[in-house]
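Treat the numbers as computed from the prediction; the structure is a model and nothing was measured.
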Amino acid sequence: MCNKYDDMLIEIQNFFDKYDIKFKLHYLKRDDMYRIVIQSKEQLKILFNLLYNNSTLFLSRKKEKFESYVNTEILHKTNENCNA
């Protein structure tokens, strides 16, 4: 997730901290923006389950794309593809 300012991303980090999901905040100098990323496959699975277990309202294509990231062995794909 990317944003011009870090304040919103820090709030998102704090929210997910309650669920023991850890994000790292990075500044992208080239793009003059901030990005938070999950660097652990286990953390990614926890986030997926938190968002989609017992959910009835979501976009199927977004869930399917996220599910493909969760089920792949190449975790760095989530960091490179911001067009999900």
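Counting only residues at least two apart or on different chains, no side-chain hydrogen bond (donor to acceptor under 3.5 Å, both in side chains) pair has a member in residues 49-58.
Rounded to the nearest 0.5 Å, atoms CG (L44) and CD (Q39) are 12.0 Å apart. Between K24 atom NZ and R35 atom CZ the span is 13.0 Å, to the nearest 0.5 Å.
Contact annotation: the side chain of Y19 never approaches that of L47 to less than 4.5 Å [non-hydrogen atoms, C-beta and beyond].
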Worksheet entry | Audit row: E67, V70, side-chain contact (heavy atoms from CB on, under 4.5 Å) steps and yes/no | CA-CA 5 Å; E67 197 167 34; V70 169; 5.5 Å; no
Practice prompt. Evaluate side-chain contact (heavy atoms from CB on, under 4.5 Å) for I38 paired with K22, printing each intermediate quantity in order.
Written response: CA-CA 7 Å; I38 292 178; K22 306 296 181 207; over 6 Å; no
Discussion item. With side-chain contact (heavy atoms from CB on, under 4.5 Å) as the criterion, how do D20 and I46 come out once you've worked through the C-alpha distance, each side chain's angles and the decisive distance to 0.1 Å?
Written reply: CA-CA 9 Å; D20 208 25; I46 294 169; 5.9 Å; no
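Considering all non-hydrogen atoms of both residues, L51 and F66 come closest at CD1-CE1, 3.8 Å.
Every residue two or more places apart in sequence or in another chain that forms a salt bridge (Lys or Arg N to Asp or Glu O under 4.0 Å) with E42 is listed here: K45. For K63, the side-chain hydrogen bond (donor to acceptor under 3.5 Å, both in side chains) criterion is met by no residue, not counting sequence neighbours. For K4, the side-chain hydrogen bond (donor to acceptor under 3.5 Å, both in side chains) partners are D32, not counting sequence neighbours.
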Under 3.5 Å, which donor-acceptor pairs link side chains of residues 5-12 to any protein atom two or more places apart or in another chain?
none

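Residues M33 make up the rest of the hydrophobic cluster containing L28, defined by ILVMFWY side-chain heavy atoms closer than 4.5 Å, directly or through other members.
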